[in-house]
Amino acid sequence: LRRYRLGAGILSLAHPMLSGIRLRQMARPYMRALADRCEGSVSLGLNDKLHMVYIETSRGHEVIGYRPDIGARLPLLASAMGRAWLANASSEMRERVLAQIRSEDASQLQMHGAAWERARHDWNTKGYCLSFGDWQADVHAVAVALRDPVGGDYLVFNCGVPLSRLKNRTIEAVAAGPLLAMVDEINKCR
């Protein structure tokens, strides 16, 4: 009925926070190059309770059904980005978040517990976490967390590629190495 809706003024609330994260501007050209190379979307996100929120994104495709943008929220356990954030978190923070998931939505652990255990292993051995259509069935993703906080927040980069763009290749083969290299380069520039 359009009686109540958010107006343009709401954007001014996010501006001070987003403009304070200078890494966004510095990372944009790297993100764009990787998105074009992988024919996917490369995003930067931070944690918000049991979700991750995109604070920057770049698309190397125009797939209508998969258009992540700034402000999009992803579930923590179902997404590569959320798993990478959780794997990188301190053990105290990780246990606190997992306890919150158990008390508020135990079905998430039942549904994604095995993937979370794989993600912990991948993080420890490979430095990234994967999602094979767990959040969006037709998108595979890889994510890498920055090991050091930026402005007090641990940020995570991810690359999601629609299955139709993978062309019988794996997300690991297409994007894991390039994403790790991108994050290394960004770390050198900070």
Side-chain angles (χ1 to χ4, degrees), residues 23-24 27 30-32 34-61 63 65-89 93-94 97-98 101 105 108-147 150 153-167 169-184 186-187:
L23 181 75
R24 291 175 53 243
Y30 296 101
M31 294 170 65
R32 181 67 198 180
L34 181 57
D36 288 343
R37 176 180 176 176
C38 295
E39 297 184 80
S41 296
V42 177
S43 301
L44 175 62
L46 54 78
N47 178 258
D48 178 34
K49 299 175 185 162
L50 301 182
H51 293 86
M52 296 299 292
V53 178
Y54 284 157
I55 60 171
E56 189 64 46
T57 192
S58 183
R59 288 183 289 277
H61 63 82
V63 176
Y66 182 62
R67 299 187 70 146
D69 211 343
I70 294 172
R73 291 169 53 94
L74 296 83
L76 205 60
L77 285 182
S79 65
M81 181 178 270
R83 292 171 189 161
W85 180 86
L86 197 56
N88 188 54
M93 183 180 292
R94 183 180 317 114
V97 169
L98 289 172
I101 291 171
D105 191 1
Q108 288 298 308
L109 273 174
Q110 292 170 346
M111 236 171 15
H112 302 293
W116 160 236
E117 290 304 321
R118 267 192 319 278
R120 287 179 69 172
H121 177 264
D122 287 346
W123 177 252
N124 291 325
T125 59
K126 301 175 183 179
Y128 56 82
C129 295
L130 299 163
S131 172
F132 302 103
D134 299 317
W135 179 52
Q136 291 189 335
D138 61 338
V139 177
H140 287 190
V142 59
V144 176
L146 292 174
R147 303 263 180 181
V150 175
D153 291 311
Y154 286 94
L155 303 179
V156 181
F157 287 95
N158 79 334
C159 180
V161 180
L163 288 174
S164 62
R165 302 281 178 162
L166 285 175
K167 301 172 186 153
R169 300 169 296 168
T170 66
I171 188 67
E172 244 176 321
V174 169
L179 182 63
L180 284 168
M182 182 193 86
V183 171
D184 283 344
I186 289 169
N187 272 324

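This structure is a prediction, so every number in the text was calculated from the model and none was measured.
Closest of all the heavy-atom pairs between Gly82 and Met52 is CA-CG, 3.5 Å. Between Ala145 and Val156, the closest heavy-atom pair is CB-CG2, 3.9 Å. Closest of all the heavy-atom pairs between Ala27 and Ile186 is CB-CD1, 3.8 Å. When all heavy atoms of Met93 and Ala89 are compared, the pair lying nearest together is SD-CB, 4.1 Å. Heavy-atom minimum distance, Asn158 versus Ala143: CB-CB, 3.8 Å. In terms of heavy atoms, Leu86 sits closest to Arg94 at O-NE, 3.0 Å.
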Worked check of side-chain contact (heavy atoms from CB on, under 4.5 Å) between Ile70 and Arg24: CA-CA 11 Å; Ile70 294 172; Arg24 291 175 53 243; 4.1 Å; yes
Might you work through the side-chain contact (heavy atoms from CB on, under 4.5 Å) test for Leu74 and Trp135, ending with a clear yes or no? CA-CA 8 Å; Leu74 296 83; Trp135 179 52; 4.0 Å; yes
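Each side-chain hydrogen bond (donor to acceptor under 3.5 Å, both in side chains) pair with one or both residues in residues 112-126, not counting sequence neighbours, appears once here: Lys126-Glu172. Sorted by first and then second residue, the side-chain hydrogen bond (donor to acceptor under 3.5 Å, both in side chains) pairs involving residues 77-87 (not counting sequence neighbours) are Arg83-Asp134.
Interatomic distance, CG of Leu34 versus SG of Cys159, reported as 4.5 Å (0.5 Å rounding). Considering CG of Asp36 and OG of Ser58, their distance stands at 6.5 Å, rounded to 0.5 Å. In this structure, Glu56 CD and Leu155 CG are separated by 11.5 Å, a value rounded to the nearest 0.5 Å. Note: His140 NE2 to Ser131 OG = 7.5 Å, rounded to the nearest 0.5 Å.
At least one side-chain heavy atom of Leu98 sits under 4.5 Å from a side-chain heavy atom of Leu109. Proximity of Leu179 to Phe157: side-chain heavy atoms (C-beta onward) are separated by under 4.5 Å at one or more points. You'll find the side chain of Val42 stays beyond 4.5 Å of the side chain of Thr57, heavy atoms only. Residues Leu146 and Asn88 are not in side-chain contact: their nearest non-hydrogen atoms beyond the backbone lie 4.5 Å or more apart. For the pair Met81 and Tyr54, the minimum side-chain heavy-atom distance is below 4.5 Å. The shortest distance between side-chain heavy atoms of Ile101 and Leu50 falls below 4.5 Å. Contact annotation: the side chain of Phe132 approaches that of Ile171 to within less than 4.5 Å [non-hydrogen atoms, C-beta and beyond]. With a 4.5 Å cut-off on side-chain heavy atoms, Met31 and Leu44 count as touching.
Remark: the backbone N or O of Lys49 is paired with a side-chain donor or acceptor of Asn47 at under 3.5 angstrom. The main-chain N or O of Gly60 is never found under 3.5 Å from a side-chain atom of Arg32 such that the two would form a donor-acceptor pair. Of the possible donor and acceptor atoms, none in the side chain of Arg165 sits under 3.5 Å from a partner among the backbone N and O of Cys38. Within the 3.5 Å criterion, the main-chain N or O of Ala35 finds no donor-acceptor partner in the side chain of Arg59.
Asp48 meets the salt bridge (Lys or Arg N to Asp or Glu O under 4.0 Å) test with Arg73; sequence neighbours excluded.
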